[in-house]
Amino acid sequence: MKLSDDEYDEKSNKIIAIVIGILCAVAIAYLSVNNIDASYIFIGILIGSLLSFKIDGIHHIVTLITFLLLLFIWGVPSLNLATLGFCGASALIDELGNDNEKIYKKNKLFKVFFEYRFTMKIAIFILAILGFIQSFIIFHIANIDFLSFSTFFYFLLFEISYEFAGFTFKKCFS
């Protein structure tokens with residue numbers, strides 16, 4: 001999605017932004033219907049983006065429609081609302097803080113924290129640690145779904161890829 005955003009924001013290339021957004025939607029929809037942890041993460045990101053009004057271009061709208069249509073067609077797994085709410089809230093906090101000059105001016109740490117969207121990383125880490133702990137306990141700790149610890153590792157790779165895409169775009173097109 002980073003490449004789609006940069007095509008739209010930096011180069012004003014709506015067609016390429018839409019095509020890349022559709023490819024992104026297909027990939028994350030496939031992951032979401034085949035892995036419940038991915039569902040929590042990507043639908044959580046969607047919730048955070050919607051509630052923060054960050055879906056602000058035609059490329060986002062087409063991507064959103066494609067993602068939701070594919071989830072409807074392929075079927076999304078049953079999700080625990082507490083886990084989904086936790087992921088969505090962390091994504092919302094990240095979106096509200098990201099590119100927010102008022103917050104960036106308060107403290108350099110806040111700038112780094114929100115520029116790299118650490119709230120959701122911490123949330124995924126907490127859910128993964130609790131999932132790891134729960135794997136050693138026979139009963140459920142709480143009425144919440146926890147994530148596998150490998151999900152946290154894959155989420156970090158996803159985040160690194162997102163940042164690398166932005167870095168590569170700037171290097172190639174600046």
Side-chain angles (χ1 to χ4, degrees), residues 1-10 14 17-18 20-33 35-107 109-128 130-131 142-147 151-152 154-156 158-159 161-163 165-166:
M1 202 61 216
K2 179 65 175 164
L3 293 176
S4 175
D5 284 344
D6 286 348
E7 280 290 335
Y8 186 85
D9 295 337
E10 307 295 327
K14 292 178 184 173
I18 290 169
I20 294 170
I22 290 170
L23 293 173
C24 176
V26 171
I28 65 173
Y30 178 80
L31 291 170
S32 294
V33 299
N35 183 286
I36 195 162
D37 290 2
S39 293
Y40 285 121
I41 291 169
F42 292 122
I43 295 172
I45 291 170
L46 171 63
I47 290 167
S49 298
L50 280 170
L51 293 177
S52 65
F53 303 104
K54 292 283 183 113
I55 298 179
D56 56 3
I58 187 69
H59 65 303
H60 287 152
I61 294 166
V62 172
T63 302
L64 170 66
I65 291 168
T66 303
F67 179 64
L68 292 175
L69 186 63
L70 290 173
L71 287 181
F72 179 75
I73 292 169
W74 292 340
V76 67
S78 294
L79 300 175
N80 178 286
L81 290 179
T83 305
L84 184 60
F86 190 64
C87 290
S90 68
L92 174 61
I93 292 167
D94 279 341
E95 289 297 337
L96 292 174
N98 185 261
D99 292 331
N100 186 326
E101 290 303 320
K102 286 182 181 178
I103 291 175
Y104 284 10
K105 287 179 183 177
K106 289 183 185 226
N107 186 311
L109 181 61
F110 285 169
K111 183 177 193 288
V112 171
F113 187 87
F114 287 111
E115 186 173 332
Y116 294 102
R117 297 179 164 106
F118 272 97
T119 309
M120 191 163 201
K121 289 174 185 66
I122 292 168
I124 300 302
F125 180 72
I126 290 168
L127 290 171
L130 291 172
N143 189 19
I144 188 169
D145 287 344
F146 299 119
L147 307 181
T151 295
F152 177 68
Y154 292 127
F155 183 67
L156 288 181
F158 166 78
E159 291 289 313
S161 298
Y162 183 90
E163 293 303 326

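Throughout, numbering of the chain's residues begins at 1 and tracks the sequence. These numbers come from a predicted model, not from an experiment. Just so you know, these numbers use all the heavy atoms, side chains as well, and skip hydrogens, waters and symmetry mates.
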**Report entry** Side-chain touch L50/L64, heavy atoms, less than 4.5 angstrom
**Finding:** yes
Query - Sidechain N-carboxylate O distance under 4.0 Å for K121, E159 - result: yes
Query raised in the report: Quick one: are D99 and Y104 in side-chain contact, heavy atoms under 4.5 Å?
Result: yes
Query raised in the report: How close do V33 and G75 get, heavy atom to heavy atom, and via which atoms?
Result: CG1-O, 3.1 Å
Query raised in the report: Roughly how far, to the nearest 0.5 Å, is the OH atom of Y30 from the CG atom of N35?
Result: 10.5 Å
Report summary line: OG1 of T119 to CD of E95, rounded to nearest 0.5 Å, is 10.5 Å
Query raised in the report: In a check of side-chain contact (heavy atoms from CB on, under 4.5 Å) between L96 and each of L92, D94, N100, N98, which one passes?
Result: L92
Query raised in the report: Any Lys/Arg nitrogen of K2 or E163 sitting under 4.0 Å from an Asp/Glu carboxylate oxygen of the other?
Result: no
Report task. Of all the heavy-atom pairs spanning C87 and M120, show the shortest one and how long it is. Result -> O-CE, 3.8 Å
Query - Worked verdict on T83 versus D145 for side chain to side chain donor-acceptor pair (under 3.5 Å) - result: CA-CA 6 Å; T83 305; D145 287 344; 4.9 Å; no
Query raised in the report: Just wondering, do T63 and I18 contact through their side chains at under 4.5 Å, heavy atoms?
Result: no
Query raised in the report: Is the F42 to F158 ring centre distance short of 6.0 Å?
Result: yes
Query - Exercise: identify the closest heavy-atom pair between L84 and G44 - result: CD1-N, 3.9 Å
Query raised in the report: Quick one: does H60's side chain get under 4.5 Å of Y8's, heavy atoms only?
Result: no
**Report entry** Distance, nearest 0.5 Å, that separates OG of S78 from CD1 of I36
**Finding:** 7.5 Å
Report summary line: Applying side chain to side chain donor-acceptor pair (under 3.5 Å) to D9 and not counting sequence neighbours gives none
**Report entry** Distance in Å, L46 CG paired with S39 OG, rounded so as to fall on 0.5 Å steps
**Finding:** 11.5 Å
Requested in this report: Give the intermediate values and the outcome of side chain to side chain contact (heavy atoms under 4.5 Å, CB included) for residues F152 and L127.
Outcome: CA-CA 9 Å; F152 177 68; L127 290 171; over 6 Å; no
Query raised in the report: Less than 4.5 Å apart, any side-chain heavy atom of I124 and any of D37?
Result: no
Query - Contact summary for F155 and I41, nearest pair of heavy atoms - result: CE1-CG2, 3.7 Å
Report task. Measure the spacing between CG of N107 and CZ of F113 and express it to the nearest 0.5 Å. Result -> 11.5 Å
Query raised in the report: Got L147 and F125 here, is their nearest side-chain heavy-atom distance under 4.5 Å?
Result: no
Query raised in the report: Is the number of heavy atoms from other residues, nucleotides or ligands under 6.0 Å of Y162 OH greater than 12?
Result: yes
Requested in this report: With the side chain counted from C-beta on, respond yes when K111 and K106 share a heavy-atom pair under 4.5 Å apart, and no when they do not.
Outcome: no
Requested in this report: Find the distance between CD1 (I45) and CZ (R117) and round it off to the nearest 0.5 Å.
Outcome: 8.5 Å
Query raised in the report: Do you know the tightest heavy-atom contact between L71 and S32?
Result: CD2-CB, 3.9 Å
Query - 4.5 Å side-chain heavy-atom contact, L68 and F72 - result: no
Query raised in the report: So K14 and E7, side chain to side chain contact (heavy atoms under 4.5 Å, CB included) or not? Walk me through it.
Result: CA-CA 7 Å; K14 292 178 184 173; E7 280 290 335; over 6 Å; no
Report task. Identify the two heavy atoms, one from V26 and one from W74, that lie closest to each other, and give their separation to 0.1 Å. Result -> O-CZ3, 4.1 Å
